[in-house]
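Written below as structure tokens is the structure these notes are about.
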Number of protein chains: 2
Amino acid sequence: MKTPLEFRQLCRRGGFAGPTAGLVPGYVQANLVILEKEFAFDFLLFCQRNPKPCPIIEVSEVGQPFTPITSPKADLRSDLPRYHIFREGVFIEELTNVTSLWKDDLVAFLLGCSFTFEGALQKAGLPVRHIECQKNVPMYRTNIPCQPAGIFSGSLVVSMRPFTPTQAIKAISISEKYPHAHGIPIHLGDPSLIGISNLEKPDYGESVPLYSGEIPVFWACGVTPQEAIGQSKIPFAITHAPGHMFITDLVEDL
Amino acid sequence: MKTPLEFRQLCRRGGFAGPTAGLVPGYVQANLVILEKEFAFDFLLFCQRNPKPCPIIEVSEVGQPFTPITSPKADLRSDLPRYHIFREGVFIEELTNVTSLWKDDLVAFLLGCSFTFEGALQKAGLPVRHIECQKNVPMYRTNIPCQPAGIFSGSLVVSMRPFTPTQAIKAISISEKYPHAHGIPIHLGDPSLIGISNLEKPDYGESVPLYSGEIPVFWACGVTPQEAIGQSKIPFAITHAPGHMFITDLVEDL
């Protein structure tokens, strides 16, 4: 899989359903949120008010499962490895294709993802633990409230990568250059300060080991909207499955 | 008028109805767009797709003429010097207070304004011609199309300030630090290259003199949405009158 198109076509024909960290290096990865037009203004406003977890990459036209600006040949209904379906705010099932669920009043949002700068971290010689361990990145619900917008509210979700202090400083400096992929971290060190009680029990994804001398570093995460969808209890929503992202045609160093 | 609150209270009691360039130095000024909830998603998306002319400062809750995040004590219906009223996309009248026109389904948008960085230009020793001449800034419709979003489309509107080439370079460097006030210019020099035929006939505001050795420098302008409202023919909209801005409580160097 050398190009985003090849990757997306593989997903489209059901040939891949795993996490996307480290895949198709050099291209921007994105979170997906699909909901009904009726709630689209509130959701777009939620993103505007919470740009760290929800940096907007592209918003589809109403009823169009396409993102012509960032990925002209993509179909958002089939080109991600896995989807989560929510009804009345409750997660009800995981699917690898949502074509049959598409409706004319749906709007799709692509939001930036921290996988986007992991290539740059690796190029700088930094370890990315979940890629090394071939696991999904660990993600945690925090006690940091998002700015509410209309019917949407909820807590910030973060992704975590372990680093030595020196590596952490480098990772901060590098990720700062990617404001559309969550940018600089929101916390480092003691997880309890942001309401995380146990690093070994992530709320999404899988746990990864912290080695001696390492501290956890936390970035705002595009799973945050899934918490907000839960709070809102909107009738219907589709998202990517955490860690199973949409890969755009945008090059990483945009 | 030392504080934004004092300025807004003066407007509220009908005591001021002029342009705001140079007023209440040190505070962020903002363009205003008010429209019905039905069109708010398309408009917010238009802003998201056109961040140079439409950098979002704050969006009100539906039905609330208030902006608690940036200016807690303000009332958007009375605290600007002048308003423009549009019906079916057509400008129909200018008012100094729109309280009687407020409805429960209206949403208000504050968008960044280039007046915000004029204090910084002056501090750097650069002339700001329309302030020197006590005129409203000249604004021009260009031939540069905006990215359409839903029912909104139209041409970019720009504001113009004359500078010598050396001053222009300094002005570019300074305005770059204010991405939420339109940031760097979109053009300098020959106006015809962006579809402006006569600098002495601005489409909004007033003309200002260019002195020998000066070139015009053009910034994206928050009047751009007024063009898009015209194109859209939406039933109802309220905006600020060009050059007659809302002054927020945000400090300029935010």
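Order of the sequence lines fixes the chain letters, A, B, ..., with proteins taken first and strands second; residue numbering starts at 1 for each chain. Side chains included, hydrogens not; waters and symmetry mates left out as well; all remaining heavy atoms used. Just so it is clear, the structure is predicted and the values come from calculations on it, not from any experiment.
- Contact annotation for residues 55-62 of chain B against chain A (heavy-atom separation below 4.5 Å, listed by residue number): B/I56, B/V59, B/S60, B/E61, B/V62.
- Neither the backbone nor the side chain of A/F39 comes within less than 4.5 Å of any heavy atom in chain B.
- Residues B/V107 and A/F41 are in side-chain contact: their nearest non-hydrogen atoms beyond the backbone lie under 4.5 Å apart.
- Heavy atoms of other residues, nucleotides or ligands lying less than 6.0 angstrom from NZ of B/K103 number more than 12.
- Heavy-atom neighbours of chain A within the stretch residues 67-91 of chain B, taken at a separation under 4.5 angstrom, comprise B/I69.
- No more than 12 heavy atoms of other residues, nucleotides or ligands sit less than 6.0 Å from atom CD of A/E38.
- Nearest approach of B/L45 to A/L44, heavy atoms of both residues: N-CD2, 3.6 Å.
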